[in-house]
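Side-chain atoms are counted along with the backbone in the values below, which use heavy atoms only and exclude waters and symmetry mates.
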Amino acid sequence: MEIQKELNHEIVKNILKQGKRIDGRQKYEYRSIELERDCIPNAEGSAICRMGKTQVLAAIKVDLATPFPDRPDEGVFSTGAEFTPIGAPHFEPGPPRVEAIELARVVDRGIRSSEMIDLKSLALEGQEKVKALYLDLWILDYDGNLFDAATLASVAALQNTRMPKIEDGKIIRGEYEGNLDIKTIVTSCTFAKLDESFLLDPNFAEETGADGLLTVAVTPEYMCAGQKSGKAGFTQKDILELVDISFNKGKELRAILGQ
Amino acid sequence: MGSSNKKLIRDDGKRMDGRELDELRPIAIKARVLNNADGSALVVWGNNKIIAGVYGPRECIPRHDQSLYRARVRARYNMAPFCSLEEHGRSGPSRRSQELSKVISEAFENVVIAETFPKTAIDIYIDVLQSDGGTRCAALTAAAVALADAGIPCKDMVAAVAVGKLNGQIVLDLSKDEDNFGQSDNPMAFSARTGEILLFQMDGLLTKEEVAHGIEMAKIASAKIHELQVEALKGAYDSEHKTKLELNIEPQKI
């Protein structure tokens, strides 16, 4: 990986000097994006996002759980990411590495801060337990930009999450009472910084060769999550510009989500 | 083994899902569904959805796993926490998944020509994305296709299927309910060319005659599954083939 990073840095930078990206895209152009929904019927919600050669599966299970002590009147929302060793030669089996934890937390923040799920509505009247949504991100093919692919897959999965029927404080599996209510739509844009350039939707070579990444998640009205990763520094002006582009690109991404 | 009193065979002699006693669930196999893995395959088998990816031969890490004589063949069977209709599961290996990883690895050690690649590892990763009984057989079937897709030299293909006993009758390819409430479960894997049995597990109670009947039934079914595996591998070389994971493919009645 270390050598790959150095090589990719040189390659991507040199091509960029000629004003090009290694796959011929414009600077702020996404690769082709495909969504496939309802692909895991055992889960209450699911979707695969294919972004170029990156493939991410998001699945949502609904359970009953004890609420957090400081939020007894709210449902539980929890996100996990699995870099399954199928997904890339350098992904190893074992407990989640820091990159997986970061991915899960950034996706979680976007969904949580946007209030696209009303957690209060997941509480059960007069009962100790609340509804819990468990979001799992399964990275089946890693070719860069997991943040945006995972966010798209997650939102698509939430959009078609069926809520299981609950009787006498128990879930009746396989029976449903309507869909999860979605309040807004979150999308995210990830940019790779290379010298003074920014590339939207970096692929593996661009991401590993980059000085740093910036992810900006937005709803139509608000920015709702951000993450800078890698050693690069971003100027104040850079960040404002990239936030602006993220709001604009949000329209494109929401169209893919059917909104 | 749960209660064996539950009615699992209808009065017309068919099973609750309408299958004959010796009928497989609908199966679809697609080879090469992933970009990064050296070989990959998706198996949709009834309601099971299983993906296998193979890497190797590659450097064997940790070093103490290396053999000077042959490649290590390491399979990892893993269930996704969202795979079951029941509650959200825990991630990471369970006692069950570790045992299955061991017996699946050993089945492939028989067919992979490992002597060609000393000091390396051939890693077979299997994720159960959706489970409905018979996942180890579907997993092994997927892994065999992924191994071939990765171009790993093998002596033979392997296909697996389970037989079991419901209400006193030997039946093929148990679903989850049939496994939970049946009287026996007997998964096995066959080497397609030699007919050798490379995985064999059994629980419950069976007479000598029932064991013999079950193995015969499984052997016939494994030949049908083998045909699907070969078709899937040919499909990866079709000009229409697209390397992508489409989980909503419709399995075919066999």
Would you say [X] has more than 12 foreign heavy atoms packed within less than 6.0 Å of its [atom1]?
X	atom1	result
A/R71	CZ	no
A/D70	CG	yes
A/E128	CD	no
A/Y176	OH	yes
A/R109	CZ	yes
A/R97	CZ	no

What part of [X] gets closer than 4.5 Å to chain B, counting heavy atoms only: side chain, backbone, both or neither?
X	value
A/L57	side chain
A/E82	side chain
A/F204	neither
A/I40	both

- Message: For chain B, which candidate among A/A59, A/G174, A/P41, A/P95 shows the most heavy-atom pairs at distances under 4.5 Å?
- Response: A/P41
- For chain B, the option from A/P164, A/P96, A/A132, A/P93 that forms the most heavy-atom pairs under 4.5 Å: A/P93
Which bit of [X] comes within less than 4.5 Å of chain A, counting heavy atoms only: side chain, backbone, both or neither?
X	value
B/F82	both
B/N78	side chain
B/V33	backbone
B/A80	both
B/I51	both

Looking at [atom1] of [X] and [atom2] of [Y], how far apart are the two atoms once the value is rounded to the nearest 0.5 Å?
X	Y	atom1	atom2	answer
A/K61	B/L85	NZ	CG	5.5 Å
A/N42	B/S131	CG	OG	6.0 Å
B/L245	A/C39	CG	SG	8.0 Å
A/W138	B/S91	CH2	OG	6.5 Å

- Message: The test is side-chain contact (heavy atoms from CB on, under 4.5 Å); show your working for A/I171 and B/E87 and say whether it passes.
- Response: CA-CA 9 Å; A/I171 288 185; B/E87 71 273 21; over 6 Å; no
- Query: Going by heavy atoms in the side chains, are A/R173 and B/S84 under 4.5 Å from each other?
  - Reply: no
- Message: Is the shortest side-chain heavy-atom distance between B/E246 and A/E34 below 4.5 Å?
- Response: no
Does any N or O in the side chain of [X] come within less than 3.5 Å of the main-chain N or O of [Y], such that one atom is a donor and the other an acceptor?
X	Y	result
B/N35	A/D141	no
B/R76	A/P85	no
A/Q55	B/K244	no

Closest approach of [X] to [Y] (non-hydrogen atoms, all atoms of both residues):
X	Y	value
A/P89	B/N36	CD-CB, 4.4 Å
A/A43	B/Q130	N-OE1, 4.4 Å
A/R37	B/N248	O-ND2, 3.1 Å

- Query: Would A/L140 and B/L34 satisfy side-chain contact (heavy atoms from CB on, under 4.5 Å), going step by step from the backbone distance to the final call?
  - Reply: CA-CA 7 Å; A/L140 289 157; B/L34 301 177; 4.1 Å; yes
- Message: Tell me which of these, B/A146, B/P81, B/A37, has more heavy-atom pairs under 4.5 Å with chain A than the rest.
- Response: B/P81
